[in-house]
Asker: 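After the structure tokens below, expect a handful of questions from me.
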Amino acid sequence: MEVKADKIHRIVEILRREKENWNVPIVTLMSQTDRDPFKILVATVLSLRTKDEVTAKASERLFKVADTPEKILKLKEEEIASLIYPVGFYRRKARNLKEICRILVEKYGGKVPDDLEELLKLPGVGRKTANLVITLGFGKPGICVDTHVHRIMNRIGYVETKTPEETEFALREKLPKEYWIEINDLLVSLGQHICHPVSPKCSQCPIEPYCDKRGVKRSR
DNA sequence: AAAACGGGGGC
DNA sequence: GCCCCAGTTTT
């Protein structure tokens, strides 16, 4: 018990330090310049199955034209689609985005709700997106589990779970609350630079001493 | 639990 | 050409 608590404490400490040497992920980048929950919500919806750089450019293009629910609602679906192209699923996302804005304006006075259950009702918003808005947009405690967090937490043996949702609930049980908000960012950084889904660079990994090396061959 | 969604970029 | 990418929804 004490060993595990100490383990995660050491891991977080190392990753905090190491992250200084790495390129910051898109959402971290955004959070430094603009913590508007709405922009974070939109950018996160756009980021689904899409690389950071593409997402960044797409959201910039969109926000230049419309950066509030009211403004985006006035755009046609095709206009939104052409602005956010070429993110993956751009048609579906354009449709979802407009519907999200309509709901925000009609039900929430144009504001993004800071409640997990309410966020989950929005089309195209799942647990990962909702929790990211909670943590990054509002600075409230939440645990955002994407493929990186799910993969790495299992690889190092901190949890043993099949799905990202299971991972989220397991982490809510055992991860010290002081790390909830930042754990996603730290593990995504590690995942992008070292602990890749395929062929992780274990010899260069700063937390290698704390890793059980489970699922190194392939774990998603 | 697994498939479908959908397009660009890397190798 | 084939595989990958800060997932969500439907079957």
Side-chain angles (χ1 to χ4, degrees), chain A residues 15 19 22-35 37 39-62 77-78 80-100 103 116-137 142-155 161-169 171 179-201 215-220:
Chain A
L15 290 181
K19 202 167 84 72
W22 294 335
N23 294 325
V24 284
I26 165 71
V27 181
T28 304
L29 198 62
M30 285 193 54
S31 70
Q32 290 171 347
T33 57
D34 195 346
R35 270 184 183 269
K39 290 190 177 178
I40 290 181
L41 172 61
V42 173
T44 309
V45 167
L46 291 185
S47 76
L48 185 150
R49 301 298 288 163
T50 304
K51 291 199 165 103
D52 287 355
E53 207 174 316
V54 178
T55 305
K57 286 178 181 163
S59 42
E60 278 310 305
R61 271 200 306 278
L62 176 62
E77 214 172 284
E78 306 82 68
I80 301 174
S82 68
L83 283 168
I84 64 178
Y85 182 88
V87 299
F89 310 103
Y90 66 98
R91 286 181 197 286
R92 190 212 301 175
K93 285 175 185 172
R95 180 169 12 97
N96 285 343
L97 230 40
K98 188 160 181 178
E99 176 65 5
I100 286 173
I103 295 173
L116 186 64
E117 296 307 316
E118 296 303 312
L119 286 167
L120 288 173
K121 292 178 185 168
L122 302 173
V125 175
R127 301 198 69 85
K128 181 259 172 180
T129 302
N131 273 298
L132 197 66
V133 171
I134 294 287
T135 55
L136 227 49
I143 296 184
C144 175
V145 176
D146 52 44
T147 52
H148 289 298
V149 175
H150 178 60
R151 178 182 71 255
I152 296 174
M153 279 302 192
N154 276 281
R155 270 189 186 164
T161 51
K162 293 288 276 184
T163 67
E165 186 174 352
E166 274 183 68
T167 303
E168 183 193 325
F169 294 142
L171 291 179
Y179 301 140
W180 282 23
I181 291 182
E182 71 176 313
I183 195 66
N184 175 276
D185 188 42
L186 292 176
L187 294 190
V188 169
S189 295
L190 182 68
Q192 289 179 338
H193 292 89
I194 306 285
C195 196
H196 300 165
V198 187
S199 312
K201 304 174 184 172
V216 156
K217 291 169 193 161
R218 185 171 242 266
S219 167
R220 302 212 59 190

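Keep in mind that what you see is a predicted model, and the values were worked out from it rather than measured. The sequence lines fix the lettering, A, B, ..., with proteins before strands; numbering per chain opens at 1.
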Asker: Over how many whole Å does the gap from A/L46 atom CG to B/dG7 atom P extend?
Answerer: 15 Å
Asker: Going by the rule salt bridge (Lys or Arg N to Asp or Glu O under 4.0 Å), which residues pair with A/E165 if we only count those two or more places apart in sequence or in a different chain?
Answerer: none
Asker: Indicate the atoms forming the closest heavy-atom contact of A/A130 with A/L120, along with that distance.
Answerer: CB-CD2, 3.9 Å
Asker: Measure NZ/A/K93 against P/C/dC5 and give the value in whole Å, please.
Answerer: 15 Å
Asker: Where is the tightest heavy-atom contact between A/G88 and A/T50, given as atom of each residue plus distance?
Answerer: N-OG1, 3.0 Å
Asker: Round to a whole Å and report the spacing from CG of A/D52 to P of B/dG10.
Answerer: 14 Å
Asker: In terms of the angle between their ring planes, are A/Y85 and A/Y90 parallel, tilted or perpendicular, with boundaries placed at 30° and 60°?
Answerer: perpendicular
Asker: Of the nucleotides C/dC4, B/dG6, B/dG7, which has the atom closest to the A/F89 side chain?
Answerer: B/dG6
Asker: May I ask you to decide whether A/K121 forms a salt bridge with A/E117, counting only side-chain N to carboxylate O separations under 4.0 Å?
Answerer: no
Asker: Between C/dC5 atom C1' and A/H196 atom NE2, what is the distance in whole Å?
Answerer: 12 Å
Asker: What's the shortest heavy-atom distance between A/P123 and A/E99, and which atoms?
Answerer: CG-CG, 3.5 Å
Asker: Of the options B/dG7, B/dC5, B/dG8, whose atoms approach the side-chain atoms of A/Y90 most closely?
Answerer: B/dG7
Asker: Please report the closest heavy-atom contact between A/L48 and A/K93, naming both atoms and the distance.
Answerer: O-NZ, 2.9 Å
Asker: Of the non-hydrogen atoms in A/S47 and A/T55, which two are nearest, and what is the gap between them?
Answerer: CA-OG1, 3.4 Å
Asker: Quickly work out the A/K51 NZ to C/dC4 P distance and round it to whole Å.
Answerer: 11 Å
Asker: How is the base pairing of DNA chain B summarised as a dot-bracket string, given the Watson-Crick and G-U wobble criteria with both distances under 3.5 Å, [ ] for crossing and | for another strand?
Answerer: |||||.|||||
Asker: Take atom P in B/dG6 and the same atom in C/dT10, then report the distance between them in whole Å.
Answerer: 12 Å
Asker: Separation of A/E168 atom CD from C/dG7 atom P, in whole Å?
Answerer: 15 Å
Asker: For nucleotides 8-11 of chain C, which of its nitrogen or oxygen atoms have a protein nitrogen or oxygen under 3.5 Å away, and what is each distance?
Answerer:
from, atom 1, to, atom 2, distance (Å)
C/dT8, OP1, A/G126, N, 2.9
C/dT8, OP1, A/G126, O, 3.4
C/dT8, OP1, A/T129, N, 3.1
C/dT8, OP1, A/T129, OG1, 2.9
C/dT9, OP1, A/G124, N, 2.8

Asker: Compare every heavy atom of A/E168 with every heavy atom of A/I143, then report the nearest pair and how far apart it is.
Answerer: O-CG, 3.6 Å
Asker: Could you state the atom-to-atom distance from CD1 of A/I84 to C1' of B/dG6 in whole Å?
Answerer: 12 Å
